[in-house]
Amino acid sequence: MSERLPFLFRIMATIATGGKELQGTKMAPVATAYAVLMNAHSDKLSAWHRMTTIVAIKGHLEDSALTRFNRLGVTMSTTTKLRLLDEASSIMDKGIVSRLQKSPLVKITGDNLDMYIKTGQQSLEKSNRDLHLFASNVLFNRIASPDKYSLVPTRTPLTDLNAEMFLLSGNYRSTLVNSYSVILGRILCELKAFSWMANALPDHIHHPYQHEMSLKSDIFQLPIMMKNEAKHEDCVDILDTYEAVLSDYYHKAFGSEDVLHKFGVTVGGDQLTRVRLEEAKNLRALATTPNKRFEDLHPFVIELWHTKQDFLEKCFKALYSASSVRQPGTLYYFKSNLQRTDINGKVKGGFKAHHEFLYLVGTAMVTEQFLQYFGMENVESEPTKNMPIMKKKSFR
DNA sequence: ACGATGGTTGCTGGTGACTT
DNA sequence: AAGTCACCAGCAACCATCGT
């Protein structure tokens with residue numbers, strides 16, 4: 001604007017600032033006024049209005065309010081709102097297709113999405129309703145690429161298996177110890193006397209796929225389906241939809257479905273979903289066409305979405321007991337002393353509260369251990385014994 | 001200069017789901 | 001039964017571009 005219409009720009013900037021230089025938050029009103037005027041001049045110049053309309057859509061603004069804003073010239077109309085939504089879905093389709101052309105290895109994950117709708121007034125005709133939906137996402141692999149892709153899975157013969165293969169040994173063990181030391185170091189460097197240690201600790205614990213994991217992952221949402229994964233027929237419908245959607249995308253991206261048949265698509269879900277979808281595939285084992293037999297959808301894998309919660313649950317099962325309120329040092333003792341009333345041992349009901357509480361107590365205990373080991377009075381004091389040989393100065 | 005064409009925008013009446 | 005709300009299809013208004 002300052003280049004194309006310097007005169008108008010100066011006038012508007014002067015009005016906005018009272019003669020001072022235009023900067024900071026004063027930029028937005030000028031840009032807004034200009035965008036509204038330019039849109040009135042030609043409806044093709046609507047980037048700004050599209051933005052405000054999308055914000056309105058995102059916030060579920062009512063159509064009546066949107067229409068009033070439209071009359072004021074700050075948003076687009078409700079008709080355009082629907083067109084924008086259509087546009088968004090076709091852009092997502094194009095996004096999937098163009099991403100497919102770069103790497104044909106994708107994975108679909110799905111999970112059930114249950115809603116409980118309470119009516120304002122319960123009656124025989126209208127009762128509370130349970131909605132069972134199914135949500136899915138398409139994910140693109142960040143590590144594997146077609147040239148690294150092996151079509152033959154590596155299998156260890158059952159006769160060669162022995163128990164020791166499941167135990168940590170050699171460098172696995174040292175990797176684990178190394179990871180522990182980083183985690184403990186993060187707690188230690190919170191102490192004033194050891195704050196220098198923060199520079200020496202890595203931001204992330206080292207692992208072989210660090211580069212790939214630092215890349216942005218591409219995730220696209222598929223439409224939410226009105227399907228109940230507890231029913232076999234609905235699971236079959238879900239897989240049918242997957243096949244239809246996938247063959248459509250691969251057709252658009254490669255002109256045929258050969259690539260899809262060659263690589264297949266991994267389908268992931270939590271333990272229950274995985275079993276149900278696999279059962280649905282088995283139901284179609286005798287169907288007439290490969291598409292109906294869901295041959296492109298394999299393997300079905302477990303997504304460990306609940307691992308952290310399961311671990312937390314085990315921790316609370318082992319460490320939390322409501323009868324131990326008088327024993328200092330127990331979880332229940334701290335819960336009572338810190339008045340954490342939302343901690344009741346039911347991890348699923350309040351994951352965040354339980355997680356935060358265990359983390360707090362754990363960190364405090366580790367800190368206490370450090371204070372004892374280094375012979376420190378409190379977190380502010382200097383260590384008196386067991387000081388590492390490496391001194392501050394030599395480290396800098 | 002004029003009309004045809006294509007694209008975008010907003011309006012209108014009708015419809016169905018839902019609430020009061 | 002009446003009202004509210006969102007959506008849909010169809011249409012007119014408008015503008016830019018192109019060919020005659």
Side-chain angles (χ1 to χ4, degrees), chain A residues 1-9 11-12 27-98 101 110-138 220-231 233-235 237-238 240-242 244-245 248-249 251-253:
Chain A
M1 186 183 171
S2 58
E3 283 171 22
R4 293 186 149 203
L5 291 162
F7 180 59
L8 179 64
F9 178 71
I11 290 178
M12 290 172 77
M27 298 264 204
V30 173
T32 300
Y34 182 64
V36 172
L37 290 175
M38 289 310 282
N39 181 249
H41 167 73
S42 164
D43 50 32
K44 299 268 193 306
L45 302 169
S46 60
W48 188 87
H49 288 74
R50 280 161 179 264
M51 187 188 75
T52 54
T53 312
I54 288 168
V55 171
I57 294 172
K58 175 99 179 159
H60 300 286
L61 186 68
E62 286 174 14
D63 277 3
S64 58
L66 193 64
T67 308
R68 295 186 95 154
F69 279 128
N70 177 231
R71 302 275 161 73
L72 294 175
V74 288
T75 65
M76 303 182 86
S77 69
T78 55
T79 312
T80 311
K81 163 185 153 181
L82 297 172
R83 285 176 186 141
L84 277 176
L85 288 174
D86 284 345
E87 213 176 304
S89 77
S90 75
I91 285 173
M92 192 201 70
D93 281 357
K94 275 183 200 157
I96 294 180
V97 169
S98 71
Q101 284 165 344
D111 199 5
N112 58 327
L113 179 71
D114 292 339
M115 272 195 264
Y116 192 59
I117 301 176
K118 284 185 180 170
T119 49
Q121 211 171 355
Q122 233 177 345
S123 66
L124 277 178
E125 292 81 28
K126 286 204 67 66
S127 56
N128 292 345
R129 283 195 309 161
D130 242 338
L131 273 187
H132 295 286
L133 310 174
F134 197 80
S136 330
N137 292 298
V138 176
F220 297 90
Q221 274 187 12
L222 290 179
I224 291 178
M225 290 180 256
M226 292 289 279
K227 300 291 176 192
N228 182 0
E229 68 156 13
K231 293 181 184 167
E233 50 174 306
D234 279 10
C235 286
D237 285 345
I238 290 169
D240 260 331
T241 315
Y242 283 174
V245 167
D248 185 43
Y249 286 144
H251 229 94
K252 280 184 190 155

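Within every chain, numbering begins at 1; the chains are lettered A, B, ... in the order of the sequence lines, protein sequences first and strands thereafter. Not measured: the values here are computed from a predicted model.
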Which pairs count as salt bridge (Lys or Arg N to Asp or Glu O under 4.0 Å) when at least one residue sits in residues 54-78 of chain A, sequence neighbours excluded? D63(A)-K81(A)
Rounding to an integer number of Å, can you tell me how far D63(A) CG sits from dA6(C) C1'? 6 Å
Rounded to the Å, how far apart are L84(A) CG and dC7(C) C1'? 15 Å
Hey, are the side chains of T53(A) and T80(A) touching, using non-hydrogen atoms and a 4.5 Å cut-off? no
Partner set under ring pair (Phe, Tyr, Trp, His ring centres under 6.0 Å) for Y242(A), not counting sequence neighbours: none
Approximate separation, where rounding is to 0.5 Å, of L222(A) CG and M92(A) CE: 6.0 Å
Going 5' to 3' along nucleotides 9-15 of chain B, which nucleotides have protein heavy atoms under 4.0 Å from the base (write B), which only from the sugar-phosphate (write S), and which from neither (write -)? BBB----
To the nearest Å, give me how far apart CZ (R68(A)) and P (dC5(C)) are. 12 Å
How many Å lie between NE2 on H60(A) and P on dC5(C), as a whole number? 16 Å
Would you tell me whether S64(A) and T67(A) have side-chain atoms, one donor and one acceptor, within less than 3.5 Å of each other? no
Are any of the side-chain heavy atoms of V74(A) and T52(A) separated by less than 4.5 Å? no
Distance check needed: dC5(C) P versus L66(A) CG, whole Å only. 14 Å
Considering just the side-chain nitrogens and oxygens of K81(A), establish if one lies under 4.0 Å of OP1 or OP2 belonging to dA6(C). no
